[in-house]
Amino acid sequence: MGIKEIQEEIVDEFSMFEDWMQRYEYMIELGKSLPLIDEKYKTDDNIIKGCQSKVWVHAELDGDKLVFTADSDAIITKGIIAILIRTFSNQKPQDIIDADTDFIDEIGLKEHLSPTRANGLVSMVKQLKMYAIAYQTQLN
Amino acid sequence: MGFVWVLIFKMEKTTFNPTVIRKDFPILNREVNGKPLVYFDNAATSQTPRQVIDVIVDYYSNYNANIHRGVHTLSQEATDKYEQARIKIQKHFNAAKSHEIIFTSGTTHSINLVANGFTSILKAGDELIVSAMEHHSNIVPWQMLCERTGATLKVIPMNEEGELILEEYLELLSDKTKLVFCNHVSNALGTVNPVKTIIDAAHKVGAAVLIDGAQAAPHIKADVQELNVDFYTVSAHKMCGPTGVGMLYGKEEWLNILPPYQGGGEMIAEVTFEKTTYADLPHKFEAGTPNICGGIAFGAALDYMNAIGFDEIAAYENELLEYATERLLAIEGLRIYGTSENKTSVISFNIEGVHPYDMGSILDKLGIAVRTGHHCAQPIMDFYKIPGTVRASFSFYNTKEEIDILVEGVEKAKAMLL
Ligand SMILES: Cc1ncc(COP(=O)(O)O)c(C=O)c1O
């Protein structure tokens with residue numbers, strides 16, 4: 001599936017929730033189901049700044065696709081990462097670079113996050129795109 | 001007749017009624033996320049009563065003008081009110097002289113002013129002593145001072161309860177010690193530190209002491225003469241006043257020794273291109289147009305709190321603290337950080353397996369405002385080896401019913417997160 005389709009799927013899923021409680025419960029579930037990053041990648045180099053909780057992201061190429069793994073010490077943050085990884089992992093770097101991220105507003109993630117967490121979200125997206133740019137240059 | 005008056009006065013003094021007091025705070029009527037606001041972030045910033053808001057409105061509506069320089073009526077009125085506020089602050093903290101009260105933008109500014117002043121006084125090899133439970137604003141300016149002068153920083157350690165270990169402090173003191181700084185009350189733990197003992201011991205070796213009173217001032221009426229402290233700092237926004245204003249108390253001897261912090265208008269006696277002479281205290285440290293309205297409102301905030309009475313406030317807040325401590329501790333897996341006998345109404349806690357940030361996010365959704373994170377006191381978090389805590393801090397306008405809502409919220413969040 002392409003990034004666009006995955007995003008539409010996520011928007012669909014979130015539209016079923018009636019209130020923030022259900023959204024949070026879902027994100028917590030997602031957080032718990034996030035496949036863990038290999039401990040050896042939980043280094044200071046892989047920490048994303050701008051989050052009140054710690055977030056580690058690791059990226060590596062699998063053929064022409066970029067695969068992300070990540071973790072956080074806070075569970076709601078992990079849920080957010082799970083959504084981002086579902087969207088961007090296993091995609092071509094160029095597609096990741098080109099992808100827009102309006103779906104984050106559409107699923108009401110930003111308005112339900114405290115400002116610091118929303119900033120963290122922005123930094124996470126930025127970081128994923130940075131990885132994509134770095135690997136794209138490698139592929140060229 | 002006289003007897004009846006005394007009786008009424010006494011009754012009014014002792015009947016502390018939070019329901020009546022809450023009516024003074026317009027913000028407490030608002031909703032957050034569809035729920036009535038439960039404001040438990042008082043240690044970060046307190047809410048503002050109508051009596052103080054009225055003073056702010058009155059200032060901008062009726063006598064907004066620059067002070068100390070105009071001949072016109074408005075300027076004189078504003079100057080009088082501003083200087084009256086200084087005297088209110090002096091009386092409240094029992095400073096010997098009104099010019100020992102310097103208006104600043106708050107505690108951070110006050111500490112930086114002193115730290116900068118010591119640049120020319122210290123030399124390499126001098127020692128400064130800091131406590132292990134300081135807010136970053138009482139650490140970083142001194143580290144910068146050490147970098148400028150070659151002085152070194154020693155730390156008074158704390159125990160598991162979150163209390164300073166005084167024996168170790170006494171060991172650190174020597175004739176090399178030039179300055180000691182410590183908060184009166186810890187913002188992250190609520191511990192009330194034995195500042196009088198700390199000050200007296202420092203004076204024995206000839207060191208000056210700065211006490212950061214930012215967290216103490218809303219709960220404890222400090223008497224700077226009785227403490228015999230050299231510097232004491234306060235932020236108005238933590239005690240029912242506006243943001244961006246506070247005070248530095250400094251003993252006259254010290255304020256005369258310290259050079260000015262900033263140059264500009266208001267702080268000069270005479271300026272020529274060859275040489276400028278500085279104004280007398282307190283103006284020497286008050287360059288530029290100050291937060292005039294803020295200073296006046298700070299005075300009004302002190303009036304407001306004194307009318308309620310600091311003893312009454314402390315007694316009620318202690319009741320809230322005991323109630324909340326008991327109820328929270330009944331939650332399985334909950335640990336409180338800062339368990340000294342001597343505490344203000346602050347509870348820092350975590351639930352085993354729950355990140356404080358997750359807890360705070362869900363409580364916010366329930367209309368409960370708490371603080372999460374390291375509370376600008378990272379060394380304390382490092383000591384307990386935790387990323388941060390959830391901090392609920394109570395004020396005299398909070399109620400036990402609100403604490404019940406918090407406890408329910410914590411349980412709900414715990415169920416969701418674990
Ligand atoms: C103990 C303590 N010191 C200093 C400060 C800094 O105060 P301000 O930000 O008003 O300068 C705070 C505020 O959080 C505090 O709690």
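Chain naming here is simple, since letters A, B, ... match the order of the sequence lines and numbering starts at 1 in each.
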Might you work through the side chain to side chain contact (heavy atoms under 4.5 Å, CB included) test for Ile76(A) and Leu417(B), ending with a clear yes or no?
-> CA-CA 9 Å; Ile76(A) 299 173; Leu417(B) 290 163; 4.3 Å; yes

Look at atom [atom1] of [X] and say whether more than 12 heavy atoms of other residues, nucleotides or ligands are closer to it than 6.0 Å.
X: Glu18(A); atom1: CD; result: no
X: Lys35(B); atom1: NZ; result: yes
X: Lys4(A); atom1: NZ; result: no
X: Lys65(A); atom1: NZ; result: no
X: Glu31(B); atom1: CD; result: yes
X: Glu408(B); atom1: CD; result: no

Value rounded to 0.5 Å, distance of [atom1] in [X] from [atom2] in [Y]:
X: Asp19(A); Y: Asn33(B); atom1: CG; atom2: CG; answer: 11.5 Å
X: Tyr24(A); Y: Met416(B); atom1: OH; atom2: CE; answer: 8.5 Å
X: Leu418(B); Y: Ile75(A); atom1: CG; atom2: CD1; answer: 9.5 Å

Atom of Tyr357(B), atom of Thr77(A) and distance for their closest heavy-atom approach =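 Minimum heavy-atom contact is CD2-OG1, 4.4 Å.
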
Taking the side chain as every heavy atom from C-beta outward, state whether Asp358(B) and Ile28(A) have any pair of such atoms under 4.5 Å apart.
->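 No - every pair of side-chain heavy atoms lies 4.5 Å or more apart.
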
With the side chain counted from C-beta on, respond yes when Met21(A) and Lys412(B) share a heavy-atom pair under 4.5 Å apart, and no when they do not.
->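 Result yes, sub-4.5 Å side-chain heavy-atom pair found.
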
